[in-house]
Number of protein chains: 2
Amino acid sequence: MGVHAGTEPLHRATAILGKKWHPLLLYTLLTEGPLGFNDMKSRVDGISDKVLSEALDDLQEAGLVVRDVVDDKPVRVNYSLTPAGRDLEPIIEGLLEWSREHLTESR
Amino acid sequence: MGVHAGTEPLHRATAILGKKWHPLLLYTLLTEGPLGFNDMKSRVDGISDKVLSEALDDLQEAGLVVRDVVDDKPVRVNYSLTPAGRDLEPIIEGLLEWSREHLTESR
DNA sequence: CAGTATCCAAATAGATACTG
DNA sequence: CAGTATCTATTTGGATACTG
């Protein structure tokens, strides 16, 4: 009974990638990073300060993103990917391709 | 302003794969399917009837899973993957591998 | 520029009981 | 066997205003 052994990694992965904005934030950093807070915000349509801030914290805690304070006065911060974050590239690209192929909007 | 063009497919993909149980259900069908309702339930630890039922509906509507009534008296149903669902295999496998490599439980 | 503080709404998940 | 019906709890996401 119960789940077979290899299932927890999938749970851990979807606990991160299942958040509404996380894949898009990672993809944004992948293709356009490193970026500052407001640069991220302007590239991700519809996200609020609070949600972006929380999401970046979350990704940082998961070890996928690093936050560097590069200057103060005014404060300047750079968000970029860790190696773990960069290793998601083929997966996100694959997902993107799969989606284009199989997920049409009119379903 | 706004997100760059290629972003909607990612949204559509995560609208499905971002649900708590969906990737695990797909993976279960991928590795052990086709399966009946209770067979699914016994393989997915902790899921309730209601949540499983809703999730399968959702996956069906997204075109990733098919439901076949193979017998009645007693009713017997088989859930299996569509080609679109099967095409997720490399992605889910990749995610699994990535997770094992980078996501340790103690973070 | 880069956030935090509040307060609120919506979406998801779960427990329990029951049905064709 | 394969679900549905309720009702509740929890988790996320969002709007608005304010701060170092």
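Letters A, B, ... mirror the listed sequences (proteins, then strands); counts begin at 1.
First and last contacting nucleotides of DNA chain C toward chain B (any atom under 4.0 angstrom from a heavy atom, 5' to 3' order): C:dT12 to C:dA15.
Checked by atom type and distance alone, the side chain of A:Ser80 never pairs as donor or acceptor with a backbone atom of A:Pro34 at under 3.5 Å. Between the side chain of A:Ser53 and the backbone N or O of A:Asp49, no donor-acceptor pair lies under 3.5 Å.
Expressed to the nearest 0.5 Å, how far OH of A:Tyr79 lies from CG of A:Leu52 amounts to 7.0 Å. Note that CG of A:Leu88 and NE2 of B:His102 are 7.5 Å apart. Values are rounded to the nearest 0.5 Å.
Residue order along DNA chain C, read from the 5' end via each residue's closest nucleotide, puts A:Asn78 first among B:Val51 and A:Asn78. Residues A:Pro74 and A:Ser53 both approach DNA chain C. Their nearest nucleotides, taken by heavy-atom distance, put A:Pro74 toward the 5′ side. Between A:Val75 and A:Ile47, the residue anchored nearer the 5' end of DNA chain D, judged by the nucleotide with its closest heavy atom, is A:Ile47.
Following rounding to the nearest Å, A:Asp57 (CG) and D:dG13 (P) show an atom-to-atom distance of 13 Å. The nearest whole Å value for the distance from the CG atom in A:Asp49 to the P atom in D:dT12 is 21 Å. Taking atom NZ of A:Lys50 as the reference point, atom P of D:dT12 lies 12 Å away to the nearest angstrom.
When heavy atoms are screened at a 4.0 angstrom cut-off, B:Lys19 is found touching the sugar-phosphate backbone but no base atom.
The partner of C:dA10, taking Watson-Crick or G-U wobble pairs whose two distances both stay under 3.5 Å, is D:dT11. Summarising the base pairing, C:dG20 is matched to D:dC1 through a Watson-Crick or G-U wobble pair whose two defining distances lie under 3.5 Å.
Salt-bridge check for A:Arg76 with A:Asp39: passed, with a basic side-chain N closer than 4.0 Å to an acidic carboxylate O.
Using a 4.5 Å heavy-atom cutoff, the side chains of A:Arg12 and B:Thr104 are not in contact.
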